[in-house]
Q: 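Please find one structure pasted underneath; my questions will follow.
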Amino acid sequence: MTNVRVRFCPSPTGSPHVGFARTALYNWAFARHHKGTFVFRVEDTDRERSTRESYDAMIGAMRWLGLDWDEGPEVGGPHGPYLQSERGDIYRDVLARLAESKYTYECYCTTDEVDARRKASGSKVMGYDGFCRDLTDEQVAAFRTLGREPVVRFRMPDGSITWHDLVRGDITFETQFVPDFALARANGDPLYTLVNPVDDALMEITHVLRGEDLLSSTPRQIPLHAALVELGIGKVMPEFGHLPFVMGEGNKKLSKRDPESHLFLYRDQGFLPEGLLNYLALLGWAIAADRDVFDLEEMVEAFDIKDVNPNPARFDLKKAEAINAAHMRMLSLDEITERVLPFLKDAGVLSDPVNAADTQLLELAMPLVAERINKLTESVDMLGFLFVDEDAFTRDEADVEKLLNDDGRAVVRRSLDALEHLGEWSAGAIQAALQAELVEGMGLKPRNAFGPVRVAVTGRRVSPPLFESMELLGRERSLQRLQSALA
RNA sequence: GCCCCGUUCGUCUAGCGGCCCAGGACGCUGGCCUCUCACGCCGGAAGCACGGGUUCGAAUCCCGUACGGGGUACCA
């Protein structure tokens with residue numbers, strides 16, 4: 001395939017959600033696979049609902065995900081502007097040419113009138129009935145004197161519309177079930193039904209990959225697009241592929257209202273963009289029968305729209321986390337340290353900028369935690385005890401109750417005895433001393449012996465390896481914490 | 001109501017007529033490893049929505065039913 005041009009064209013109405021990311025990803029992967037062009041267009045024709053805030057969030061989301069675009073906002077391109085709110089003149093011009101060629105007509109009907117006529121006729125087809133298709137000049141004049149302003153409607157052809165959907169195969173609609181639809185409001189504002197196909201035509205889009213919700217608008221777009229080609233406004237009829245929904249809990253489409261649908265929730269939870277993207281790719285597509293962890297490069301290489309599954313997929317947090325964890329383990333120590341840094345700063349574990357001592361400590365501690373966290377945020381709980389000021393150090397209450405009871409305190413007491421005069425403060429020496437005192441001396445099982453010490457020193461039952469942690473904490477602070485656990 | 005799309009383990013999927021008494025992954029579960037956690041390793045339970053065809057042979061093709069979803073706007 002040559003000169004593939006695809007577009008991703010969200011509306012800036014609300015916070016970017018996971019379906020947004022999945023659609024963006026598939027379009028991006030398709031473009032990159034075919035060495036084509038990825039166009040990013042902003043469909044902000046609905047001025048009521050479009051917001052600057054949402055626009056910024058969308059740009060931020062794309063950047064976070066690492067899905068770069070070849071044409072669009074902030075990068076420009078030969079088919080701009082890429083914000084529909086700045087393309088009013090273009091739409092007005094197209095509308096005029098369409099009207100001139102009789103592809104469209106003006107409709108003066110009110111919704112009530114249309115409903116009444118449908119009720120009277122007993123038609124099962126909802127929507128407009130074509131009443132104004134062939135109005136006489138007198139009729140138009142009459143409506144005008146009534147003060148009515150017309151909407152512009154597209155004259156749907158008779159017969160049927162069939163296309164070969166890239167995801168679903170042949171799909172046919174009888175046009176008797178596709179009413180003449182509105183292209184512009186009575187006040188002249190263009191509607192999605194017009195601007196989407198017009199921009200696809202003008203931007204020479206060759207493949208339209210979008211959500212399944214737009215499948216039923218395709219039989220309207222095809223004849224409109226054909227008209228645009230006929231008028232020389234467009235060059236090619238794009239191919240269409242309708243992607244399955246991403247569903248939430250239960251069996252409903254993940255809507256913007258569901259909190260778990262928000263993309264930034266995952267970013268803030270410490271997901272890696274490559275981890276989330278990998279998981280999202282799996283919602284409707286598989287790279288191989290026996291593999292589901294891969295990077296973007298591998299996806300680009302393997303992605304074929306024909307392999308996309310047509311049935312809706314449910315978003316499963318557990319699996320998303322597992323895939324993310326796999327990507328965490330693929331990161332080098334330096335990479336994971338760098339990624340974890342902002343989260344540690346946000347949580348107040350580290351100052352910003354990080355001082356030299358903490359930088360060094362972090363460097364020593366990361367090897368211990370890197371392999372045992374599955375999300376970036378988990379580093380906060382794992383590392384907090386190392387960096388906290390001694391007077392601000394606290395222990396998890398439930399853990400204290402469970403492990404620092406009388407028996408536990410006895411263990412801590414003995415540990416203190418064993419470590420107070422330890423010659424060399426190293427993980428090996430600490431382990432040997434505690435092993436001798438608690439396991440051999442007290443006859444405790446290792447897990448019971450070290451549990452109380454762990455809570456005393458790190459404040460939690462879950463921590464990096466104990467002896468290494470104590471070495472990093474240092475003799476003074478470690479002993480101090482053993483002491484304070486007894487208080 | 002009408003139109004359209006969909007239906008393989010709980011979930012995501014592989015499968016495009018014989019390689020499938022259905023493979024992988026997450027989750028669940030039994031065990032191993034182990035100073036906690038995480039990782040890793042070994043094992044287990046769990047599925048072709050239903051009914052008819054077509055065929056020597058169907059998870060795969062066709063029809064119907066059921067169920068789920070989307071659309072039916074001067075939203076996108």
Side-chain angles (χ1 to χ4, degrees), chain A residues 9-11 13 43-46 48-50 107 109-111 123-128 149-153 165 167-169 171-174 176-179 181-193 195-196 210-219 242 244-245 247 251-253 279 282-293 307 309-323 325-326 328-329 369-374 378 381-382 399 403 431 434-435 438-439 445-451 453-455 458 460-469:
Chain A
C9 50
S11 294
T13 57
E43 307 227 324
D44 54 352
T45 47
D46 187 341
E48 298 288 305
R49 298 196 302 153
S50 300
C107 167
C109 298
T110 65
T111 313
S123 170
K124 290 175 175 175
V125 182
M126 303 289 279
Y128 192 63
E149 293 293 336
V151 300
V152 176
R153 290 188 185 277
D165 196 274
V167 174
R168 289 152 208 275
I171 296 176
T172 299
F173 281 79
E174 299 297 328
Q176 58 170 312
F177 299 115
V178 186
F181 54 98
L183 296 176
R185 289 193 169 103
N187 68 9
D189 283 352
L191 292 164
Y192 163 83
T193 49
V195 300
N196 183 274
R210 53 172 19 169
E212 188 186 345
D213 49 338
L214 292 165
L215 188 138
S216 49
S217 77
T218 305
H242 290 89
F245 283 131
M247 317 290 276
N251 205 16
K252 50 191 190 331
K253 181 187 173 195
Y279 175 67
L282 258 16
L283 263 25
W285 182 74
I287 196 166
D290 57 355
R291 192 158 77 98
D292 54 17
V293 175
D307 294 333
N309 209 317
N311 40 316
R314 209 159 306 194
F315 188 94
D316 183 62
L317 217 212
K318 285 276 178 49
K319 178 140 185 176
E321 289 176 332
I323 297 291
M328 292 281 285
R329 277 166 236 128
V369 307
E371 59 186 10
R372 35 177 48 85
I373 58 175
N374 291 330
E378 290 170 8
D381 280 344
M382 275 288 185
D399 291 350
L403 289 172
Q431 178 166 18
L434 289 179
Q435 183 85 23
L438 307 177
V439 178
K445 284 184 179 167
R447 62 179 300 129
N448 296 329
F450 303 128
V453 182
R454 183 186 306 282
V455 175
T458 72
R460 302 172 69 237
R461 292 161 72 194
V462 175
S463 80
L466 217 211
F467 316 117
E468 286 81 353
S469 296

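Please read all numbers here as calculations on a predicted model, not as lab measurements. Numbered from 1 within each chain, the chains take letters A, B, ... in sequence-line order.
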Q: Determine the minimum heavy-atom distance between A/L283 and A/A313, stating which atoms define it.
A: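 Where A/L283 meets A/A313 most closely, the heavy atoms are CG-CB, 3.8 Å.
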Q: Just by distance, do the side chain of A/N374 and the backbone of A/E321 share a donor-acceptor pair under 3.5 Å?
A: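 Answer holds: no.
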Q: What is the distance from CZ of A/F245 to P of B/rC4, rounded to the nearest Å?
A: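 Checked: the CZ to P distance equals 17 Å.
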Q: I'd like a list of close polar pairs between nucleotides 74-76 of chain B and the protein, N/O only, cut-off under 3.5 Å.
A:
residue	atom	partner	partner atom	Å
B/rC74	OP2	A/R153	NH2	3.2
B/rC74	O2	A/A186	N	3.2
B/rC75	OP1	A/R185	NE	2.9
B/rC75	OP1	A/R185	NH2	3.2
B/rC75	OP2	A/R185	NE	3.2
B/rC75	OP2	A/R185	NH2	3.1
B/rC75	O2'	A/D46	OD2	2.6
B/rC75	O2'	A/R49	NH2	3.1
B/rA76	OP1	A/T45	OG1	3.1
B/rA76	OP2	A/Y192	N	3.0
B/rA76	O3'	A/S11	OG	2.6
B/rA76	O2'	A/S11	OG	3.0
B/rA76	N6	A/R220	NH2	3.2

Q: Grab the N/O contacts between the protein and nucleotides 5-12 of chain B below 3.5 Å, and write none if there aren't any.
A:
residue	atom	partner	partner atom	Å
B/rC5	O2'	A/R168	NH1	2.2
B/rU8	OP2	A/N311	ND2	3.4
B/rC12	OP1	A/R314	N	3.2
B/rC12	O2'	A/L282	O	2.8

Q: Distance check needed: B/rU13 C1' versus A/I323 CD1, whole Å only.
A: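 Taking CD1 of A/I323 and C1' of B/rU13, I get 11 Å after rounding.
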Q: Mapping A/D307 and A/F177 onto RNA chain B by nearest heavy atom, which one lands closer to the 5' end?
A: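 Nearest nucleotide further toward 5': that of A/F177.
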Q: A side-chain contact here means heavy atoms from C-beta on lying under 4.5 Å apart; do A/Y128 and A/V151 qualify?
A: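 Of all side-chain heavy-atom pairs linking A/V151 with A/Y128, none is under 4.5 Å.
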Q: Grab the CD-P distance between A/Q176 and B/rU72 for me, whole Å please.
A: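 Spelled out: CD on A/Q176 to P on B/rU72 is 18 Å.
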Q: Is there a Watson-Crick or G-U wobble partner for B/rA22 with both distances under 3.5 Å, and if so, which one is it?
A: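 By the stated definition (distances under 3.5 Å), nothing pairs with B/rA22.
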Q: Could you let me know what B/rU65 is paired to, Watson-Crick or G-U wobble, both distances under 3.5 Å, or none if it's on its own?
A: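 Partner of B/rU65: B/rA49.
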Q: B/rC28 and B/rG47: how far apart are their C1' atoms, nearest whole angstrom?
A: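 Going atom to atom, C1' in each nucleotide, I get 15 Å.
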Q: Which pair of heavy atoms, one from A/L215 and one from A/R168, lies closest together, and at what distance?
A: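 Looking at all heavy atoms of both residues, the closest pair is CD1-CD, 3.6 Å.
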Q: Return the nucleotide paired to B/rC16: Watson-Crick means purine N1 to pyrimidine N3 with N6-O4 or O6-N4, wobble means G-U with N1-O2 and O6-N3, both under 3.5 Å.
A: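 Matched B/rC16 with nothing under the 3.5 Å cut-off.
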Q: Can you confirm whether A/K319 sits close enough to A/D292 that some side-chain heavy atom of one is under 4.5 Å from a side-chain heavy atom of the other?
A: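 The answer is yes, as the side chains (C-beta and beyond) meet within the 4.5 Å cut-off.
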Q: Rounded to the Å, how far apart are A/K124 NZ and B/rC2 P?
A: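 Rounded to the whole Å, the gap is 5 Å.
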Q: Side chain of A/R454, backbone of A/P464: donor and acceptor closer than 3.5 Å?
A: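 Checked: pair present.
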Q: Rounded to the nearest Å, what distance is computed from the CE atom of residue A/M126 to the P atom of nucleotide B/rG70?
A: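 Going from A/M126 (CE) to B/rG70 (P), I get 17 Å.
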Q: Counting only Watson-Crick pairs (N1-N3 plus N6-O4 or O6-N4) and G-U wobbles (N1-O2, O6-N3), all under 3.5 Å, who is the partner of B/rU72?
A: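 B/rU72 is paired, partner B/rG1.
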Q: Using atom C1' of each nucleotide, how far apart are B/rU65 and B/rC19 to the nearest Å?
A: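 It comes out at 33 Å once rounded to the nearest Å.
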Q: Taking atom C1' in both B/rG40 and B/rU34, what distance in whole Å separates the two?
A: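 So the two C1' atoms sit 11 Å from each other.
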Q: Between A/R460 (side chain only) and A/V462 (backbone N and O only), is there a donor and an acceptor less than 3.5 Å apart?
A: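 Yes; at least one donor-acceptor contact below 3.5 Å.
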Q: Is there a side-chain contact between A/R210 and A/S217 (heavy atoms, below 4.5 Å)?
A: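 Contact flag for A/R210/A/S217 side chains = yes.
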Q: For atom P, what is the distance between B/rA59 and B/rC48, given to the nearest Å?
A: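 The answer is 11 Å between these two P atoms.
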Q: For the CZ atom of A/R372 and the CE atom of A/M328, what is their distance to the nearest 0.5 Å?
A: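 Answer rounded to 0.5 Å: 13.0 Å.
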Q: Any heavy-atom pair between the side chains of A/E149 and A/N187 that's under 4.5 Å?
A: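 No; the side chains remain at least 4.5 Å from each other.
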Q: I'd like to compare against my own output: the B/S/- annotation of nucleotides 32-46 of chain B with a strict under-4.0 Å heavy-atom distance to protein.
A: ---BBBBSS------
Q: Taking B/rG18 as the reference, what is the distance to B/rC5 when you measure between their P atoms (whole Å, please)?
A: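 The same atom, P, in both gives a distance of 27 Å.
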Q: Does any N or O in the side chain of A/Y279 come within less than 3.5 Å of the main-chain N or O of A/F315, such that one atom is a donor and the other an acceptor?
A: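 Answer holds: no.
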Q: Do A/D399 side-chain atoms and A/R461 backbone N/O form a donor-acceptor pair below 3.5 Å?
A: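 Yes; judged by distance alone, with no hydrogens or angles, the pair exists.
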Q: Sub-3.5 Å donor-acceptor pair from the side chain of A/T193 to the main-chain atoms of A/A182, do we have one?
A: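 Confirmed, A/T193 side chain pairs with A/A182 backbone.
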Q: For the C1' atoms, the ones on B/rG27 and on B/rU11, what distance do you get once it is rounded to whole angstrom?
A: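 8 Å, rounded to whole Å.
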Q: Using purine N1 to pyrimidine N3 plus N6-O4 or O6-N4 for Watson-Crick, or N1-O2 and O6-N3 for G-U wobble, each under 3.5 Å, what pairs with B/rG43?
A: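 Partner of B/rG43: B/rU29.
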Q: Say we look at B/rA66 and B/rG51: how far apart would their P atoms be, to the nearest angstrom?
A: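 Between the two P atoms, the distance is 15 Å.
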Q: Mind checking the P distance from B/rC9 to B/rC3? Whole angstroms is fine.
A: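 The answer is 29 Å between these two P atoms.
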